[in-house]
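Here is the structure we will look at.
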Amino acid sequence: MIHPIHIDNYSLNNSELFDNYIQHHRIIIVSDPCVSQLYLSQLKATLRHRPCHAVLIPEGEQHKTLATWQQILDNLFSHGYGRDTLLIALGGGMVSDIAGFAAATYQRGIPWISIPTTLLAQVDASIGGKTAVNHPGGKNMIGAFHQPSAVIIDPRVLESLPEREFRSGLAEVIKYGLIYDADFFTWLEINMVSCAARDPAALSQAIKASIVMSDEKDIADKRAILNFGHTFGHAMENVSGYCTLLHGEAVAIGMVMAATLSVQIYGLPESVLSRIKRILEHAQLPLTRPTTLSPEQIVEAMRMDKKNHNNTLRLVLLKSLGEAVVADINPMGIGSMGAIPMDQIKKIIREN
Ligand SMILES: NC(=O)c1ccc[n+]([C@@H]2O[C@H](COP(=O)([O-])OP(=O)(O)OC[C@H]3O[C@@H](n4cnc5c(N)ncnc54)[C@H](O)[C@@H]3O)[C@@H](O)[C@H]2O)c1
């Protein structure tokens, strides 16, 4: 494990657990108005009502900016917080990304704890210490690696999560099965209806399995394959101005596109592609791009992806169920992958 991860129903109410991470720290909590209304008072009670200050930042990806980061830092300064401060991020991936970045940068770094409250943040965003804000130049373009002292996950908080946000998180859970573990994918096929209905037992099992795989973020060559579906997905998010598709929805469509290319390049069986589409349908995730997003613009945005190297397009493809590889594709069609003309990629986008 990169950092301790505690996952348990009622961990949000477990004072002894939090005591382990709070020595003589002063505490600042960063959250958003929606999450704080639901869970801030519980957290304060769990912290045994130690003195602490809460900073509420505006909700939404459009606020994951340097201006909001500065709002957090201004609060830290104005209340005279020093390096003996523990920052606690209470919220989804947006809150953990920006609060973690504030912890990484305030006085060259203070300790922090993440309490992720969305499925996406529990299985992905809060794991591995990747913190960031967006810049007009691109998503997550300013950031730092800063490991939290602990990630404390209470699956019960997912009960209040809006349906669409919840399903968006399921896309990342499905991704883990596709890239790492065919058995887990098969388990998900059987249990997707229960997971989608937020059955506590099924959901806990899915979250725990996903976290074990998400932890692979530590290992560089394994980290790369976590981007399965993301190059297509980020490009669609970017072209839509981050307001048409949620992250997980874009990743779901991106996974269909990447799997379709995998059929053409690696001979991934059509039956696997059909299984991917079926499980995404059971999770009520979209399979095709909104027609308002033009294939030409998506391809253009893909060319700008920060994971590309030396003018090659970097995509994660499937060789088989549970086995992913990184493929560098030269835009001229002459790369380590042999001839994959960009037109072939554009055709897949057009048809999906
Ligand atoms: N650092 C990483 O490794 C990493 C990985 C994946 C995604 N991310 C980032 O995560 C962000 C997306 O995170 P997200 O999908 O969690 O969305 P989010 O943080 O924007 O939260 C979505 C909405 O759900 C609400 N919400 C959160 N928890 C709730 C709960 N328990 N009950 C009711 N409402 C709740 C929030 O107030 C917000 O309105 C993006 O900024 C993305 O870049 C980071």
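Both counts, for ligands and for their atoms, begin at 1 and track the order of listing.
In this model, no donor atom of one side chain and acceptor atom of the other lie less than 3.5 Å apart for Lys130 and Asn140. A side-chain donor-acceptor contact under 3.5 Å links Glu172 and His230. Side-chain atoms of His6 and Tyr21 form a donor-acceptor pair, as typed in the model, at a separation below 3.5 Å. Side-chain atoms of Thr131 and Trp112 form no donor-acceptor pair, as typed in the model, at a separation below 3.5 Å. A donor-acceptor contact closer than 3.5 angstrom is absent between the side chains of Thr68 and Gln71.
In this structure, the side chain of Tyr81 engages the main chain of Ile27 through a donor-acceptor pair within 3.5 Å. For Ser262 (side chain) and Leu318 (main-chain N/O), a donor-acceptor pair under 3.5 Å exists by modelled atom type.
Looking at Leu120 against ligand 1, only its side chain comes within 4.0 Å, counting heavy atoms. Counting heavy atoms closer than 4.0 Å to ligand 1, residue Glu59 contributes side-chain atoms (C-beta onward) but none from N, CA, C or O. Counting heavy atoms closer than 4.0 Å to ligand 1, residue Pro162 contributes side-chain atoms (C-beta onward) but none from N, CA, C or O. Only side-chain heavy atoms of Cys34 come within less than 4.0 Å of ligand 1; its backbone N, CA, C and O stay farther off. The side chain of Glu165, and not its backbone, has at least one atom closer than 4.0 Å to an atom of ligand 1 (non-hydrogen atoms only; side chain from C-beta on).
Considering backbone and side-chain N/O of Glu61, one or more are found under 3.5 Å from N/O of ligand 1. Polar contact with ligand 1: present for Val157 (N/O pair, distance under 3.5 Å). Some N or O of Gly93 is nearer than 3.5 Å to an N or O of ligand 1, by distance alone. Checked against a 3.5 angstrom limit, the closest N/O atoms of Met94 and ligand 1 fall inside it. Checking only distances, His247 never comes within under 3.5 Å of ligand 1, N or O to N or O. Ligand 1 has a nitrogen or oxygen under 3.5 angstrom from a nitrogen or oxygen of Thr117. Checking only distances, Leu158 never comes within under 3.5 Å of ligand 1, N or O to N or O.
Close contacts of ligand 1 with Asp97, meaning ligand atoms under 4.0 Å from a residue heavy atom, involve 1 (N), 2 (C), 8 (N), 9 (C), 43 (O), 44 (C). Annotation for ligand 1: atoms under 4.0 Å from non-hydrogen atoms of Leu38 are 32 (N), 33 (C). Below 4.0 Å from some heavy atom of Asp124 lie the following atoms of ligand 1, by number and element: 5 (C), 6 (C). Within the listing of ligand 1, atoms 36 (C), 37 (O) sit less than 4.0 angstrom from a heavy atom of Asp32. The contact set between ligand 1 and Thr118, taken as ligand atoms under 4.0 Å from a residue heavy atom, comprises 14 (P), 16 (O), 21 (O), 27 (C), 28 (N). Atoms of ligand 1 lying under 4.0 Å from at least one heavy atom of Lys139, given by number and element, are 40 (C), 42 (C), 43 (O). Every atom of ligand 1 with a heavy atom of Lys64 under 4.0 Å away is listed here by number and element: 40 (C), 41 (O), 42 (C), 43 (O). Taking a cut-off of under 4.0 Å to the non-hydrogen atoms of Lys130, the atoms of ligand 1 that pass are 1 (N), 3 (O).
Not close to ligand 1: Gly60, with no non-hydrogen atom less than 4.0 angstrom away. Heavy-atom separations between Glu172 and ligand 1 are all 4.0 Å or longer.
Annotation: side chain of His282 is not in contact with side chain of Glu189 (no heavy-atom distance under 4.5 Å).
Look at Glu249 and Arg167 and you find no salt bridge, because none of the NZ, NE, NH1 or NH2 atoms lies under 4.0 Å from a carboxylate O. Salt-bridge annotation for Arg289 and Glu351: absent, with no side-chain N of the basic residue lying under 4.0 Å from a carboxylate O of the acidic one.
Selection from Ala132, Ser31, Ala125 by nearest heavy atom to atom 2 (C) of ligand 1 gives Ala125. When the heavy atoms of Ser160, Ser36, Ser168 are ranked by distance to atom 32 (N) of ligand 1, first place goes to Ser160.
Under the side chain to side chain contact (heavy atoms under 4.5 Å, CB included) rule, Met236 has a single partner from Ile298, Thr244, Ile349, Val251, which is Ile298.
The six-membered or imidazole ring of Phe185 lies away from that of Tyr180, with a centre-to-centre distance of 6.0 Å or more.
Between His53 and His79, the ring planes lie tilted relative to each other; the angle falls in the 30° to 60° range.
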Problem set entry | side-chain hydrogen bond (donor to acceptor under 3.5 Å, both in side chains) evaluation trace for Ser320 with Glu323 | CA-CA 5 Å; Ser320 62; Glu323 189 194 358; 3.2 Å; yes
